[in-house]
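Notes for the one structure printed next.
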2 protein chains.
Amino acid sequence: MAKLQKSIDKRNALIKATIELVNNNGFHATPMSKIAKMANVSPATIYLYFENKQDLVNKTYVEVKAEYTKYAFATYDETMPVEAGFKLIWNRIADFKLKECENAMFLAQCDNTPMIDEQSRQEGIKHLQPLLDLWERGRQEGIIKPLSDYLLYAYAINPLSFLMIIQKRGVFTLDKAHLEEAYQSAWSSIKVCQ
Amino acid sequence: MAKLQKSIDKRNALIKATIELVNNNGFHATPMSKIAKMANVSPATIYLYFENKQDLVNKTYVEVKAEYTKYAFATYDETMPVEAGFKLIWNRIADFKLKECENAMFLAQCDNTPMIDEQSRQEGIKHLQPLLDLWERGRQEGIIKPLSDYLLYAYAINPLSFLMIIQKRGVFTLDKAHLEEAYQSAWSSIKVCQ
DNA sequence: AAAAAAAGAATGAACATTCATTTTTACATA
DNA sequence: TATGTAAAAATGAATGTTCATTCTTTTTTT
């Protein structure tokens, strides 16, 4: 137990260091040596936990993505009405992006670059199913516009990533008041007007 | 004249190669030697046109961004009604992202990573002013929701970047029919409901 | 005391950049 | 128009560094 515990701590430290360094410097400017230093570990130790640099980044991505979706759906259950369910999930996602800003930034960077292997990318998408199911239900009930999942995601969810990134750059603050407005925009863009 | 012409061709070839290689492999996996090869040029020649790799990427970003905004506003004039103006600009942006997909992908990658110097990023933002002015007019006329420019951009424009990226990955096609739907979502999310 | 984990130094490859040389251009002169 | 030549442009090879990864040794665990 103690031994395993210790290993997991090191592994977590490595993943955390990877996220922080890649966020601030980009993949191309984060050498393994820096990751090791930040995690208080020898460079050689990284290779006890990960095959190589690419594997480290892939695994980091998949794990952070899993955390993200777990958080997003934690309080949702599929018997909720569509609008309430969407609002709940949307706000959980917004919460995550605000509170776990580093993690969310890392995901955004991975999602917009060829940093990650295609396979890991696919892996990361899987966890999103509950949201897609909710949308399907919403379309069937005539509450949500009959758009493809991609369009719905583009207009309802993805804008949060943009807002988080520019917030991180310091020109804009995404506070609670903004969030309510943002939610209204998100919902307006996908709901059926009555 | 002939001499200058030749130089500009080389420079353009270098910028084009940079875009293509960074799009496909990411900054971290595009060595100067590959850029040179793709541009049919010696590695040393790059340094006649750009200070170093970072300068090459910065300049590429700023130039592509300028092209993008030039295209976006080419047929717009500020006497148009707000809604028509927005629709026009939105469609020009969509056009650009479809037709100049490589360029748009490159911008998206730069906008979501620390690849680019902050200074070049600022430089790139400047050109967006006509859209911000249009929004201000729209807010004053009570046509556009009283949201900050950042929120408006997040919901009305940025989703196109997301759609373009996943289209490039081959799971989704952003055709003319989708575009009309996307425009409706964009407009719904920022217009004042009457 | 054997096995596992970790460390730091070593290795070799890849790379950005520079250097020494060659090629091309622009243009003056015949 | 042809030719010589100085400047500019371009090149391929060389340089020195950085970095991912591996090797050997040490430390920790059981």
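In the text below, chain A, chain B and the rest are named by the order of the sequence lines, each starting its count at 1.
In this structure, of D:dA20, D:dA10, C:dA16, it is C:dA16 that holds the atom nearest to the side chain of B:Y47. In this structure, the nucleotide among C:dA16, D:dT11, D:dA20 sitting nearest to the side chain of B:M32 is C:dA16. Closest to the side chain of A:N52, from the set D:dT11, D:dT21, D:dC23, is D:dT21. The side chain of A:K10 lies closest to C:dA6, out of C:dA6, D:dA20, D:dT11. Taking the side chain of A:L48 as heavy atoms from C-beta on, and the options D:dT22, C:dA16, C:dA6, the nearest nucleotide is C:dA6. Between C:dA6, C:dT17, D:dA20, one nucleotide has an atom nearer to the side chain of B:P43 than all others, and that is C:dT17. Distances were taken from every side-chain heavy atom of B:P31 (C-beta onward) to each of C:dC15, D:dT21, D:dT11; the shortest belongs to C:dC15.
With ring centers used as reference points, B:H178 lies under 6.0 Å from B:F172.
Atom pair A:I46:CD1 and C:dA6:P shows a separation of 12 Å (rounding to whole Å applied). Here the C1' atom of nucleotide D:dC19 and the NZ atom of A:K34 are 12 Å apart, to the nearest Å. Atom C1' of nucleotide D:dT21 and atom CD of A:Q54 are separated by 15 Å, given to the nearest angstrom. In this structure, A:N40 atom CG and C:dA5 atom P are separated by 20 Å, rounded to whole Å. Rounded to an integer number of Å, the gap from A:I35 CD1 to C:dA7 C1' is 18 Å. Rounding to whole angstrom units, CG of residue B:D9 and P of D:dA10 are separated by 11 Å. When the P atom of D:dT11 is taken as reference, atom NZ of B:K37 falls 13 Å away, rounded to whole Å. If you measure from atom CD1 of A:I8 to atom C1' of C:dA4, you get 16 Å, rounded to the nearest angstrom.
Looking at A:Q140 and A:E136, their side chains do bring a donor and an acceptor atom within 3.5 Å of each other.
For A:Y49, no side-chain nitrogen or oxygen approaches OP1 or OP2 of C:dA5 to under 4.0 Å. Of the side-chain N and O atoms in A:S42, none sit less than 4.0 angstrom from OP1 or OP2 of C:dA6. The phosphate of D:dC19 has neither OP1 nor OP2 within less than 4.0 Å of any side-chain N or O from A:S33.
A salt bridge between A:D111 and A:K65 is present, with a side-chain N of the basic residue lying under 4.0 Å from a carboxylate O of the acidic one. Under 4.0 Å is where a charged nitrogen must lie from a carboxylate oxygen, and between A:K34 and A:E20 no such pair does. A salt bridge between B:R121 and B:E118 is present, with a side-chain N of the basic residue lying under 4.0 Å from a carboxylate O of the acidic one.
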